[in-house]
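Source: prediction; values computed, not measured. The figures that follow rest on heavy atoms only: side chains count, while hydrogens, waters and symmetry mates do not.
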Amino acid sequence: MISSIFEKTKPINYLIVFGVLFLFYWLAHFLLFKRAYAPEELVGKIFVLGVLLFSLFVVNFICHRNKITATSSYALLFYALLLLVFPETMTDSGAIFCSFFLLLATRRIISLKSLKNIKLKIFDATIWIMVSSLFYNWAILYLFLVLAAIYIYEPKNIRNWLVPFAGIFTVFAIAYCVLALIEKPNLLLMHYEFSPNFNSQYFFNWSNSTRLVIYILVTSLAALLAFIKLGKSGLGKVITIRLIALSFGIGIVLKVLTTSNNTYPVILTFFPAAVFMTNYLESIKRPNIKEIILMLSVFIPIMVFFISLIL
C-alpha cells in the first residue's frame with residue numbers, strides 16, 4: 001500500500017509528507033519541547049517551517065535530476081521520517097538553514113558529473129557551503145566535498161583548484177561589508193573561531209546515544225548494500241554515491257564537534273542517509289518484503305516520536 005503511493009512522484013506524495021511534517025513540527029515545538037513564542041517569533045518559526053518543507057522538494061529534485069534514485073518519492077519520505085526520529089532538529093533553526101544551503105551546494109557538486117560549466121558549479125557550491133557556515137561555522141568542512149569532486153572529475157585543470165578560494169573570498173567580503181555597516185566587523189572573526197563544542201551529557205544520555213548509534217549503523221548498512229547493488233550500474237553512479245558517502249561522514253564529524261544545547265546538526269546527514277535507504281529499498285525485488293520494510297520505516301519513527309513525547 002505504502003509502496004504503491006510512493007513508488008512514483010506525484011503531487012499527492014508531497015501533500016501527504018508536507019501535511020504530516022507540518023503536524024509533527026508544531027507537536028515538537030509546543031508539546032515535546034514545550035516552547036512558547038511571541039507573535040513575531042511565531043512568524044519566524046513559520047518561515048523556518050517553509051524552508052524545511054522546501055528542503056524536501058530540493059531533496060527529491062536532486063535525486064531525480066541526477067538519477068541518484070529511481071523516479072520514486074522514497075527519499076522524500078525517508079528524509080521526513082528521520083526528522084521524526086530526531087525531532088529536536090525541528091527546533092534548531094540554524095541547523096535547518098545550514099542543511100538547506102548544503103543541499104543547494106550538493107546539487108551543484110553532484111551535477112559536476114556532466115563535465116559542463118565545471119568552474120561555475122564549483123564556485124556556486126563553494127558559495128552555498130560558505131553561506132551554510134554562517135549558521136554553523138564547522139560546516140566549512142564541506143569544502144572537502146568540493147575538493148574531492150574536483151579531484152574526481154577534472155583534477156588536471158589548475159584553475160578548478162583556485163575557484164573555491166574565489167568563492168570563499170566572495171562570501172567573506174560580502175559578510176564583512178555588511179557587518180562593517182552595522183559597526184560589528186569583528187563578529188566575523190569571532191564566528192570563525194573554531195573550537196570543538198562536545199556535549200558529553202547529550203551523548204551519554206541513553207536515548208540520544210542509542211538513537212544515534214542505531215541511525216549510523218542502519219545508514220552504514222544501507223550504504224554498503226547500495227554500493228554492492230550499484231556495482232553493476234556503471235562507474236558514474238558509483239562515484240556520485242561515494243561523494244554522498246563522504247558527505248555523510250563529514251556530517252557525522254560535524255555532529256560530534258558542534259552538538260550542544262539547542263544545536264542539533266545531525267540533520268545535515270539526512271540527505272545522504274535518505275539516498276542510501278532509498279537505493280537499498282529500490283533494490284528489493286519482492287513486493288511483500290518491500291512493503292514490510294516500508295511499514296516498519298514509517299511505524300518506528302512515529303513510535304519513537306510519541307515515546308519521546310510520553311517520556
Side-chain angles (χ1 to χ4, degrees), residues 1-18 20-21 52-86 89 99-100 102-103 106-107 109-111 113 214-234 236-249 251-252 266-302:
M1 178 181 173
I2 300 176
S3 59
S4 63
I5 297 174
F6 288 95
E7 65 184 357
K8 297 292 182 182
T9 298
K10 295 173 285 189
I12 187 65
N13 298 345
Y14 288 103
L15 291 175
I16 293 172
V17 175
F18 285 6
V20 170
L21 192 56
L52 183 60
L53 295 178
F54 189 68
S55 296
L56 293 174
F57 174 81
V58 175
V59 167
N60 227 30
F61 177 82
I62 294 173
C63 291
H64 295 166
R65 182 65 178 267
N66 298 283
K67 298 180 180 179
I68 302 172
T69 64
T71 57
S72 68
S73 295
Y74 295 137
L76 174 78
L77 176 64
F78 283 126
Y79 193 97
L81 291 172
L82 287 172
L83 289 167
L84 302 190
V85 176
F86 298 95
T89 58
S99 175
F100 173 71
L102 285 176
L103 283 173
T106 301
R107 182 181 75 89
I109 291 171
I110 293 175
S111 66
K113 66 180 181 180
I214 293 176
Y215 167 63
I216 293 174
L217 289 176
V218 170
T219 303
S220 300
L221 179 60
L224 177 63
L225 294 174
F227 275 114
I228 294 173
K229 297 291 183 180
L230 293 173
K232 300 178 182 179
S233 65
K237 191 170 183 179
V238 172
I239 289 175
T240 300
I241 294 297
R242 286 175 182 171
L243 286 173
I244 293 173
L246 177 59
S247 176
F248 181 77
I252 293 299
V266 69
I267 191 176
L268 307 183
T269 66
F270 287 178
F271 172 71
V275 169
F276 294 140
M277 293 174 186
T278 299
N279 274 281
Y280 168 67
L281 188 67
E282 290 175 343
S283 69
I284 299 175
K285 303 301 181 183
R286 297 178 61 179
N288 56 335
I289 300 297
K290 181 182 291 187
E291 190 67 33
I292 291 172
I293 292 176
L294 268 175
M295 290 177 66
L296 290 174
S297 299
V298 172
F299 173 75
I300 292 174
I302 294 175

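Taking both residues in full, the closest heavy atoms of P301 and L81 are given as CB-O, 3.5 Å, listed atom of the first, atom of the second, then distance. Listed here is the closest heavy atom pair of T71 and H64: C-NE2, 3.7 Å. Across all their heavy atoms, V238 and F227 have their closest contact at O-CE2, 4.1 Å.
One finds the OG atom of S73 at 10.5 Å from the CD1 atom of I5 (value rounded to the nearest 0.5 Å). For the atom pair CD1 (I216) and CG (L221), the distance works out to 13.5 Å, reported to the nearest 0.5 Å. Distance CG/L294 to CG/L281: 4.5 Å, rounded to 0.5 Å. Atom-to-atom distance recorded for T240:OG1 and I244:CD1 is 6.5 Å, nearest 0.5 angstrom. Taken to the nearest 0.5 Å, the OG atom of S247 stands 8.0 Å off from the CD1 atom of I110. Residue L83 holds its CG atom at 4.5 Å from OG1 of T89, rounded to the nearest 0.5 Å.
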For a side-chain contact (heavy atoms from CB on, under 4.5 Å) check, start with the C-alpha distance between I292 and L296, then their side-chain angles and the critical distance, and finish with the verdict. CA-CA 6 Å; I292 291 172; L296 290 174; 4.2 Å; yes

Mind running side-chain contact (heavy atoms from CB on, under 4.5 Å) on S72 and F6 for me, showing each step along the way? CA-CA 6 Å; S72 68; F6 288 95; 5.9 Å; no

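Residues passing the side chain to side chain donor-acceptor pair (under 3.5 Å) test with N66, sequence neighbours excluded: none. Qualifying side chain to side chain donor-acceptor pair (under 3.5 Å) partners for N279, counting only residues two or more places apart in sequence or in other chains: none. Checked against side chain to side chain donor-acceptor pair (under 3.5 Å), T106 has no partners two or more places apart in sequence or in another chain. Taking Y14 as the reference, T9, F18, F57, N60, L76 meet the side chain to side chain contact (heavy atoms under 4.5 Å, CB included) condition, with sequence neighbours excluded. The side chain to side chain donor-acceptor pair (under 3.5 Å) search around S111 returns none, not counting sequence neighbours.
Within a 6.0 Å radius of CZ in F100, more than 12 heavy atoms belonging to other residues, nucleotides or ligands are found. Environment of NZ in K10: crowded, with over 12 heavy atoms of neighbouring residues, nucleotides or ligands closer than 6.0 Å.
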Donor-acceptor list for residues 266-278 side chains, cut-off 3.5 Å, not counting sequence neighbours:
{"residue": "T269", "atom": "OG1", "partner": "Y215", "partner atom": "OH", "Å": "2.6"}
{"residue": "T269", "atom": "OG1", "partner": "V266", "partner atom": "O", "Å": "2.7"}
{"residue": "T278", "atom": "OG1", "partner": "A75", "partner atom": "N", "Å": "3.1"}
{"residue": "T278", "atom": "OG1", "partner": "A274", "partner atom": "O", "Å": "2.7"}

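Within the 4.5 Å cutoff, the side chain of K290 has no heavy atoms near those of the I293 side chain. By the 4.5 Å heavy-atom criterion applied to side chains, I214 and V85 are not counted as neighbours.
Listed for the E282 side chain is no donor-acceptor partner under 3.5 Å among the backbone atoms of T69.
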